[in-house]
Amino acid sequence: MVRYDPVTIEAKWQTRWEKDRLYEARDFDARRKYYFLTMYPYPSGDLHIGHWYAMAPSDAAARLWRMRGYNVLFPIGFDAFGLPAENAAIQHGIHPYQWTMENIARMRRQLRSMGAMWEWSREVVTCDPEYYVWNQWFFLKMYERGLAYRALAPVDWCPKDHTTLAREQVVGDERVCERCGTPVIKKNLEQWFLKITAYADELLDFSGIEWPERVRTLQTNWIGRSVGVEFELTVQDHPGVSFRVFTTRPDTVYGMTFAVLAPEHPLVDRLTAPERRAEVEAYKFKAARQSDIERLSTEKERDGVAIGAFAINPMNGDRVPIFVADYVLLTYGTGAIQGVPAHDARDFDFARKYRLPITVVVAPPGWDGRPLPEAYLEEGIMANSGPFTGLPSREGWERIADDLQRRGVGQRKANYRLHDWLISRQRYWGTPIPMIFCPRCGTVPVPESDLPVRLPEDAEFLPTGESPLKLHERFRRTRCPQCGGEAERETDTMDTFIDSSWYQYRYVSPRDAQRPFDPQAGRYWLPVDQYTGGVEHAVMHLLYTRFWTKVMRDMGLVSFSEPMLRLFNQGVILGEDGEKMSKSRGNVVNPDEYVNSVGADTVRAYLMFIGPWEGGGPWNSRGIEGVHRFLQRVWNVVHETNGNPHARSAGSGRSAGTGERGNADPQPASRGGSRSRDNRELAHWTHKTIKKVTDDLEGFHFNTAIAALMEYVNYLTRVKSAQAGSRAWQEARRSLILLLAPMTPHIAEELWESMGEPYSVHHQQWPSYDATLARAELATLVLQVDGKVRDRVQVPAGLTDADAKSLALSNEKVRKFMDGRQVADVVVVPGRLVNVVTK
RNA sequence: GCCGGGGUGGCGGAACUGGCAGACGCAAUGGACUCAAAAUCCAUUGGGCUGCAAGGCCCGUGUGGGUUCGACUCCCACCCCCGGCACCA
């Protein structure tokens with residue numbers, strides 16, 4: 001028998017498939033389309049086992065759709081802009097372009113070893129001007145629509161990477177850079193923003209897409225919509241001066257006993273009384289310093305300083321003191337609040353500390369009028385609230401909001417935690433922002449006809465922390481497109497999340513030089529049907545690309561509002577020690593080593609078998625051997641019966657699927673009326689396995705699909721000698737190979753060929769099953785007495801409830817355990833269980 | 001603190017819509033083959049008790065309660081773990 005030699009057969013088939021363009025997706029095919037996309041990799045240099053974990057199961061799922069007769073688009077590319085390339089340039093003197101392209105070349109080779117059905121002809125590399133020109137084009141379109149703007153704002157700056165970061169790229173309590181872990185600092189800089197907040201409400205709507213609850217919640221929390229009322233407070237003895245506060249609790253306005261401004265609030269200086277000035281200044285200084293120093297002391301006591309001015313409560317005319325306190329943030333709402341200690345925990349602490357009155361305006365149930373031990377945050381009955389007293393607070397909320405609105409003092413408003421997307425990066429290796437600063441005309445966009453603004457190739461990479469573009473005179477100095485005078489280019493480049501916001505559209509027509517993508521091809525392929533990738537992108541990439549799609553819709557480029565209909569997040573593969581893989585831990589698994597020993601099919605199948613795909617989990621070098629043994633058994637069970645004279649399939653052709661659909665054989669072996677019991681059992685195994693594997697792959701339950709195939713192969717091995725040569729056996733072997741084809745494509749192709757079946761197994765129809773055969777002929781009926789299992793009997797599958805009942809009642813063991821007691825009830829679960837309940 | 005997810009053998013994990021808990025794999029133990037080893041194959045493998053044996057009995061899905069003929073699954077309370085957000089007014 002031929003030995004299973006994965007390394008040789010895998011190389012052989014990969015070459016052949018590529019030569020034959022086996023997996024090419026055809027634009028405008030008559031078949032239904034299916035666009036299956038996996039997040040493209042960053043070309044870091046080596047293909048990591050994590051890439052395999054993300055991609056191999058995706059490939060299997062995409063292959064399933066193909067075998068089921070869909071025209072599948074399964075593209076790949078590289079997220080090729082980004083900091084590591086530039087850092088390599090600074091450290092090793094290699095140009096980012098060269099570094100990136102060499103990495104891509106190496107990763108292409110490694111990716112090919114996976115045997116996936118990617119279409120390399122559609123490959124997209126984002127650092128190619130052919131690609132990033134459209135980033136610039138989109139930017140200009142957004143600028144035209146008022147969605148791109150430049151503003152001076154306090155922004156997050158990473159001192160190690162020497163660049164600004166989007167709010168989303170600053171992580172954790174310690175506020176560190178998402179990329180390098182360095183604590184960020186605040187800087188006041190003029191930067192470009194994209195107005196994602198204009199779409200905040202729409203981004204909260206996930207109807208029409210099947211995305212994991214987890215991601216939807218993450219995005220919803222990130223957007224952080226809260227609904228309330230913004231109203232005006234006038235300041236006593238400062239005619240014409242007022243400030244606005246935002247509250248989600250207009251029902252508590254009567255309970256305001258103080259007001260707070262953020263330390264950076266513009267009115268602070270103006271309103272501070274002369275005798276308070278020194279103290280207020282000191283507080284402001286302290287607050288400013290604190291935002292720069294680590295804010296690690298989490299349970300910091302709330303403090304503040306009275307500024308010596310008083311605000312007037314618009315509901316009852318009361319005069320309340322104004323404070324500055326750093327628990328109020330300038331960046332949220334209006335940077336000022338009403339202090340309602342009875343109904344807000346923070347205000348409560350603050351009022352306690354400074355001995356401010358605590359007025360209850362929403363009475364807790366059964367409140368006896370005594371002071372509250374802590375802030376009461378729930379609903380209740382309004383108290384001390386003028387004409388609103390006695391109303392349920394829920395109603396008071398609306399009535400006071402109405403009242404403020406009618407009097408022109410305030411209006412209902414939604415506030416968002418989401419900020420506009422800061423896209424300026426002070427680095428070289430990204431898309432140049434196509435803008436020009438002219439001393440006469442101001443900020444002028446680069447005309448579309450002048451695109452792309454190319455990165456100069458001869459930039460110098462010095463460890464100064466200054467952008468090479470800023471130091472590159474020939475790039476920086478230009479002519480103003482409006483007046484023709486001397487002007488300067490914007491030297492900042494775009495956040496690389498711009499690239500990934502629309503790359504799925506580029507795959508549709510990657511070489512189109514006229515527009516970002518061909519709208520006709522787009523109408524056929526778009527949107528993405530299934531997207532897969534890690535959950536770490538939940539509030540960055542996945543939010544940005546939804547935003548981008550909505551902008552494209554408003555531009556008339558697409559007719560839908562959501563870029564990806566279904567999303568699946570796979571888990572993270574860990575080192576053998578259960579820890580995150582890292583070079584310093586020395587627990588990194590190199591996929592190439594395994595590919596070169598046990599083969600890509602084994603690595604693929606093992607990654608799918610390890611557990612639920614969404615769960616990730618530790619790598620286990622013994623576990624992979626078990627999967628390899630399984631493939632070896634598959635090989636043996638097929639090969640050992642290859643020589644049998646009856647083993648050749650009678651009718652086989654392009655459409656020779658095993659099931660009903662497109663079946664060339666009008667009377668498959670499994671439907672014959674005169675089959676033996678053994679044949680019936682074999683056919684039952686075949687069909688129930690087809691059903692199980694089909695259902696599991698559909699739901700991305702690769703682990704249980706493989707477990708079912710293992711059971712099937714164990715069974716086939718047991719009955720091999722008795723069954724070899726029968727038609728049911730032949731059907732079984734064919735089905736086995738077809739079911740394996742998406743997960744382990746090489747061994748499937750090799751075995752398919754060895755059986756004398758026509759090339760290629762990957763052009764075959766996915767087997768369908770016969771529901772009758774999939775059901776078992778015999779069922780094990782569990783007999784219980786009072787809920788305890790007392791016997792198990794084999795019964796025919798279609799046994800009636802009445803028969804099951806009498807069978808149970810006459811069963812010897814059942815009678816024994818009834819112990820002479822009366823029957824109170826008999827519960828029958830058809831085909832499964834009978835429970836005799838005694839009195 | 002809030003939001004989301006999760007706790008099942010020595011390990012990774014199965015279990016339809018409330019109906020045989022532990023599929024499949026790893027590890028382990030015993031055996032076959034071998035001069036020997038590796039590989040392979042066969043058997044056993046949740047815990048406890050009991051029987052010469054075939055077998056029998058009890059306990060068991062984080063904890064405590066509840067609903068039900070019957071609960072890993074549903075309800076209530078709690079503990080622990082993972083992820084996210086966090087002075088957001």
Side-chain angles (χ1 to χ4, degrees), chain A residues 171-173 212-222 224-226 228-230 245-249 252 259-260 262 295 298-302 325-329 331-340 343-347 349-350 415-418 535-536 538-539 571-572 578 605-606 609-612 614-627 629-630 632-633 636 692 695 701 703-714 717 779-792 813 823-838:
Chain A
V171 296
D173 249 0
E213 171 80 30
R214 169 127 179 258
V215 173
R216 300 201 319 247
T217 313
L218 245 38
Q219 292 201 351
T220 303
N221 292 345
W222 188 264
R225 177 186 154 99
S226 57
V229 171
E230 193 178 296
V245 296
F246 175 74
T247 180
T248 54
R249 295 295 304 275
T252 66
V260 185
R295 311 153 77 202
T298 38
E299 281 310 306
K300 193 182 67 166
E301 205 184 327
R302 253 174 278 286
D326 66 0
Y327 80 91
V328 173
L329 310 173
T331 48
Y332 186 81
T334 59
I337 60 155
Q338 57 163 351
V340 183
H343 306 294
D344 181 284
R346 295 152 302 180
D347 296 347
D349 291 350
F350 194 81
N415 251 301
Y416 301 89
R417 215 183 67 102
L418 180 72
V535 76
E536 67 274 16
V539 290
V572 178
Y606 172 65
F609 183 65
I610 208 166
E614 63 270 32
W619 176 268
N620 182 324
S621 50
R622 304 302 291 269
I624 193 171
E625 286 170 33
V627 174
R629 279 198 282 270
F630 161 65
Q632 187 72 58
R633 282 200 301 276
N636 292 345
K692 174 77 176 150
D695 293 349
H701 304 306
N703 57 328
T704 47
I706 292 178
L709 285 165
M710 285 173 166
E711 283 185 81
Y712 185 46
V713 170
N714 291 345
T717 306
T780 306
L781 193 67
V782 173
L783 304 182
Q784 296 184 335
V785 177
D786 293 325
K788 292 201 163 147
V789 179
R790 295 309 183 185
D791 202 4
R792 300 183 171 101
K813 289 188 183 160
V823 176
D825 192 12
V826 180
V827 182
V828 180
V829 182
R832 283 186 177 276
L833 173 146
V834 180
N835 186 13
V836 179
V837 187
T838 65

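With a 3.5 Å ceiling on both atom-pair distances, B:U67 lacks any Watson-Crick or G-U wobble partner. Nucleotide B:U40 forms a Watson-Crick or G-U wobble pair with B:A32, both donor-acceptor distances falling under 3.5 Å. If you check B:C2 for Watson-Crick or wobble pairing at under 3.5 angstrom, you find it paired to B:G84. Remark: B:A15 base-pairs with no nucleotide in the shown strands. Criterion, Watson-Crick or G-U wobble with two distances under 3.5 Å.
The side chain of A:R417 lies closest to B:A86, out of B:G19, B:A86, B:C20. Between B:C59, B:G13, B:A89, one nucleotide has an atom nearer to the side chain of A:P612 than all others, and that is B:G13. With B:C59, B:A89, B:C20 as the candidates, the nucleotide lying closest to the side chain of A:S226 is B:A89. With B:G25, B:A14, B:C16 as the candidates, the nucleotide lying closest to the side chain of A:N703 is B:A14. Distances were taken from every side-chain heavy atom of A:R622 (C-beta onward) to each of B:C57, B:C26, B:G13; the shortest belongs to B:C26. In the set B:C26, B:A89, B:C69, the nucleotide with an atom closest to the side chain of A:T248 is B:A89. In this structure, of B:A89, B:G19, B:A23, it is B:G19 that holds the atom nearest to the side chain of A:N835. Between B:G19, B:G4, B:C58, one nucleotide has an atom nearer to the side chain of A:L833 than all others, and that is B:G19. Nearest to the side-chain atoms of A:V789 among the listed nucleotides B:C20, B:G4, B:C57 stands B:C20. Closest to the side chain of A:K788, from the set B:C58, B:A89, B:G25, is B:C58.
As judged by a 4.0 angstrom heavy-atom cut-off over every strand, A:L218 is placed among residues touching the sugar-phosphate backbone only. Residue contacts for A:G626: at a heavy-atom cut-off of 4.0 Å it reaches the sugar-phosphate backbone alone, with no base atom in range. The residue A:P618 sits apart from the nucleic acid: no heavy atom pair falls under 4.0 Å. Residue-level contact check: A:R792 touches the bases, meaning some heavy atom is under 4.0 Å from a base atom. Within the nucleic acid shown, A:R633 comes within 4.0 Å of sugar-phosphate atoms alone, with no base atom in reach, counting heavy atoms only. In this structure, A:K813 reaches the sugar-phosphate backbone alone: every heavy-atom distance under 4.0 Å involves primed, P, OP1 or OP2 atoms, never a base. In this structure, A:Q784 reaches the bases: a heavy-atom distance under 4.0 Å links it to at least one base atom across the strands shown. Within 4.0 Å of A:R225, counting heavy atoms only, lies no atom of the nucleic acid at all. Within the 4.0 angstrom heavy-atom criterion, only backbone atoms of the sugar-phosphate kind lie near A:N221; the bases stay farther away. Within 4.0 Å (heavy atoms only), A:N714 reaches sugar-phosphate atoms of the nucleic acid but no base atom. As judged by a 4.0 angstrom heavy-atom cut-off over every strand, A:V328 is placed among the base-contacting residues.
A donor-acceptor pair under 3.5 Å is formed between the side chain of A:D786 and the backbone N or O of A:T838. In terms of modelled atom types and a separation under 3.5 Å, the side chain of A:Y606 and the main chain of A:S621 share no donor-acceptor contact.
Between atom NE2 of residue A:H701 and atom CD1 of residue A:I706 there is a gap of 13.5 Å, rounded to the nearest 0.5 Å. Note that OH of A:Y332 and CD1 of A:I337 are 12.0 Å apart. Values are rounded to the nearest 0.5 Å.
B:G55 sits 28 Å from B:A71 when the P atoms are compared, rounded to a whole Å. On the C1' atoms, B:U45 is 24 Å away from B:C52, given to the nearest whole Å. Between the P atoms of B:C42 and B:A27, the separation comes to 15 Å (whole Å). Here, B:C11 and B:C75 have their P atoms 28 Å apart, quoted to the whole Å. Spacing between B:G60 and B:C49 at atom C1', rounded to whole Å, works out to 14 Å. Going from the C1' atom of B:G70 to that of B:G19 covers 7 Å, rounded to whole Å. Across the P atoms, B:C57 and B:G51 are found 15 Å apart, a figure rounded to whole Å. The separation of B:G48 from B:A38, taken at their P atoms, amounts to 29 Å, rounded to a whole angstrom.
The nearest whole Å value for the distance from the CD atom in A:E625 to the P atom in B:A39 is 8 Å. A:R790 has its CZ atom 11 Å from the P atom of B:G56, to the nearest Å. Rounded to whole angstrom, the span from the CH2 atom of A:W222 across to the C1' atom of B:G83 amounts to 15 Å. Rounded to whole Å, the distance from CZ on A:R216 to P on B:G83 is 23 Å.
Residue A:V328 comes nearest to A:V260 through the heavy atom pair CG2-CG1, 3.5 Å, listed as atom of the first residue, atom of the second, then distance. A pairwise comparison of heavy atoms in A:T334 and A:V245 identifies OG1-CA, 3.4 Å as the closest pair. Across all their heavy atoms, A:K692 and A:A708 have their closest contact at CG-CB, 3.5 Å.
OP1 or OP2 of B:U40 has at least one side-chain nitrogen or oxygen of A:R629 nearer than 4.0 Å.
Residue A:R832 places a side-chain atom within donor-acceptor reach of the base of B:C16, judged by atom type and a 3.5 Å distance cut-off alone.
Using modelled atom types and a 3.5 Å distance limit, the side chains of A:S226 and A:N415 yield no donor-acceptor pair.
In B:G47 the base sits anti relative to the sugar, since the glycosidic angle is further than 90° from 0.
Taking the nucleotide of RNA chain B with the nearest heavy atom to each of A:G615 and A:T247, the more 5' of the two is matched to A:G615.
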